[in-house]
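Shown next, in structure tokens, is the structure this report addresses.
Side chains are part of it too, since the values below use all heavy atoms of this structure and drop only hydrogens, waters and symmetry mates.
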Amino acid sequence: MGKLAVLSLSVAALAVLIGERLITLRHLSLYYRELTQNYLPNCHHIEGIECGAEDTTILENGPAFLSTCVKHPDLPSYSDDPGKIYTLNLMDSKMKIKALNIKGDFDKDSFNPHGISLYTDDKDGAVYLFVVNHPQGNSQVEIFRFVEDENALQYIKTIKHELLHNVNDIVAVGTESFYATNDHYFTNGILKFVEPFLSLPWCDVVYYSPQTVQVVAGGFLLANGINISPDKRHLYVADLLKHKIVVLEIQKNTVLSHVKEVDVGSLCDNIEVDRESGDLWLGCHPNGRNWLLQDPNDPPGSEVIRIENILSEKPKVTQVYADDGSVIIASSVATPYGGKLLIGTVYQKALICDLK
């Protein structure tokens, strides 16, 4: 009877733990959140984008760059083709994307692009594109030089490191240096599921340069997008499951100090920063239930959030766009430029809208 009692107590404790964890996960994933439509004027899909534009970014006076067709074993895929990087002139009324030709000794067949970041070298004006790549499910960072007159990317190098094990997004701060987010601590598929199930805050931010590679910030439940302020003094990190944007100050030794956290009320993915105003634009997943179930009859919705004056005592958080999945599924990034807003998704389409 003693063994039976211990077994019964163990089973009961396990049931209580699982029940508590499921309740917590539903809270973290905004499982019961209902979304009200909130549309922008003159929206239409970008022709040629059918398998997602998970991340986008834009040159100060140039085209937008779109990272497309990322493959993930847990997500739908609308194309068996390798991923591509496209450019798009947001001021061109035709809105035609152009695929960037990759030059050099680079494996295009296994290209699986995720987060991207641009860096312009002040010395010679050269533009570099950093791309998070997941060939065969691995994590590495590719560095290319943008050759504008050829609409091409010249392959420079591939960066691999044990600390860059689950890279989601990246922000370049030099020709070979960057900050990157790891969205999981473990690389094993089962353990990667255990992390959010137990709410383990083990995701981190890594700084990489040819001289130094180190973890510079941690404590994230699920670190997704990362970007930098126009004055290069602060980093912004999206902690998706905490529904927060974390503000970090960059110290002289590249270590980051925690400044504040801003509640956004959504599962926010990538971050774009307006160079002039410093406003943050977030592509978000409004409801984790639809994201987890992936029901084609009730698809994941989309949401765009803007944060104004994030460093002030009272930042202004505004929902700019919201859709239940009938127009665009699983938004992951929002990039403003010239009175327009480019909205990318993880695996479906891309949308362009007027902001005014």
Side-chain angles (χ1 to χ4, degrees), residues 10-33 52 54-55 69-78 83 112-115 132-140 161-170 180-206 215 217-226 237-244 246 266-270 283-296 298-301 325 329-332 345-348:
S10 297
V11 171
L14 180 61
V16 170
L17 173 63
I18 292 174
E20 185 274 332
R21 287 289 86 204
L22 289 176
I23 292 172
T24 299
L25 274 179
R26 289 186 176 187
H27 168 71
L28 293 176
S29 64
L30 302 177
Y31 197 85
Y32 296 110
R33 184 184 177 204
E54 198 280 338
D55 200 8
C69 294
V70 64
K71 308 291 192 304
H72 190 282
D74 297 330
L75 296 176
S77 176
Y78 290 84
N112 191 14
H114 196 171
V132 177
N133 187 18
H134 301 295
Q136 293 83 44
N138 298 313
S139 280
Q140 57 196 50
H161 193 276
E162 61 182 8
L163 292 181
L164 300 169
H165 48 81
N166 282 299
V167 183
N168 184 298
D169 198 17
I170 187 171
T181 55
N182 283 310
D183 58 20
H184 287 84
Y185 177 82
F186 296 109
T187 55
N188 175 273
I190 295 177
L191 293 177
K192 288 172 78 170
F193 168 78
V194 170
E195 274 186 69
F197 183 76
L198 295 179
S199 300
L200 300 176
W202 291 357
C203 298
D204 55 31
V205 175
V206 174
V215 174
F220 302 95
L221 277 182
L222 206 164
N224 266 44
I226 186 170
V237 180
D239 196 336
L240 185 142
L241 288 179
K242 285 186 179 179
H243 324 141
K244 296 177 184 291
V246 181
S266 190
L267 307 170
C268 291
D269 201 326
N270 289 306
C284 307
H285 311 290
N287 182 309
R289 177 187 67 244
N290 298 50
W291 176 261
L292 291 169
L293 297 177
Q294 293 293 327
D295 181 356
D298 188 18
I329 295 173
S331 59
S332 55
T345 69
V346 179
Y347 56 81
Q348 194 224 14

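Nearest heavy-atom pair across Gly219 and Lys242 is O-NZ, 3.2 Å. Looking at every heavy atom in both residues, Phe220 comes nearest to Val237 through CE2-CG1, 3.8 Å. Summarising the geometry of His243 relative to His27, their closest heavy-atom pair is CE1-O, 3.6 Å, with the distance given to 0.1 Å. Taking both residues in full, the closest heavy atoms of Val206 and Asn182 are given as CG2-ND2, 3.5 Å, listed atom of the first, atom of the second, then distance.
In this structure, the side chain of Ser331 engages the main chain of Cys284 through a donor-acceptor pair within 3.5 Å. With hydrogens and angles disregarded, no donor-acceptor distance shorter than 3.5 Å links the side chain of Gln348 to the backbone of Ala330. No donor-acceptor distance shorter than 3.5 angstrom exists from the side chain of Asn133 to the backbone of Gln140, with no hydrogens or angles considered. A donor-acceptor contact shorter than 3.5 Å is absent between the side chain of Arg26 and the backbone of Tyr31.
Side-chain contact between Glu54 and Pro113 is absent, with no heavy atoms from C-beta onward closer than 4.5 Å. Using a 4.5 Å heavy-atom threshold, the side chains of Leu240 and Leu221 count as separate. Side-chain atoms of Asp269 and Val346, non-hydrogen and from C-beta on, do get closer than 4.5 Å to each other. Contact of the Thr181 side chain with the Asp169 side chain is registered, since non-hydrogen atoms from C-beta on lie closer than 4.5 Å.
Annotation: side chain to side chain donor-acceptor pair (under 3.5 Å) contacts of Ser29 (sequence neighbours excluded): none. Applying the salt bridge (charged side-chain N to carboxylate O under 4.0 Å, His left out) criterion to Arg33, with sequence neighbours excluded, gives Glu303. Taking His134 as the reference, His114, Ser139 meet the side chain to side chain donor-acceptor pair (under 3.5 Å) condition, with sequence neighbours excluded.
When each of Pro299, Pro286, Pro300 is tested with Trp291 by the rule side chain to side chain contact (heavy atoms under 4.5 Å, CB included), just one qualifies, namely Pro300. Of the candidates Asn166, Asn168, Asn224, Asp183 forms a side-chain hydrogen bond (donor to acceptor under 3.5 Å, both in side chains) with just one, namely Asn168.
A side-chain donor from one of Asn290 and Asp298 sits under 3.5 Å from a side-chain acceptor of the other.
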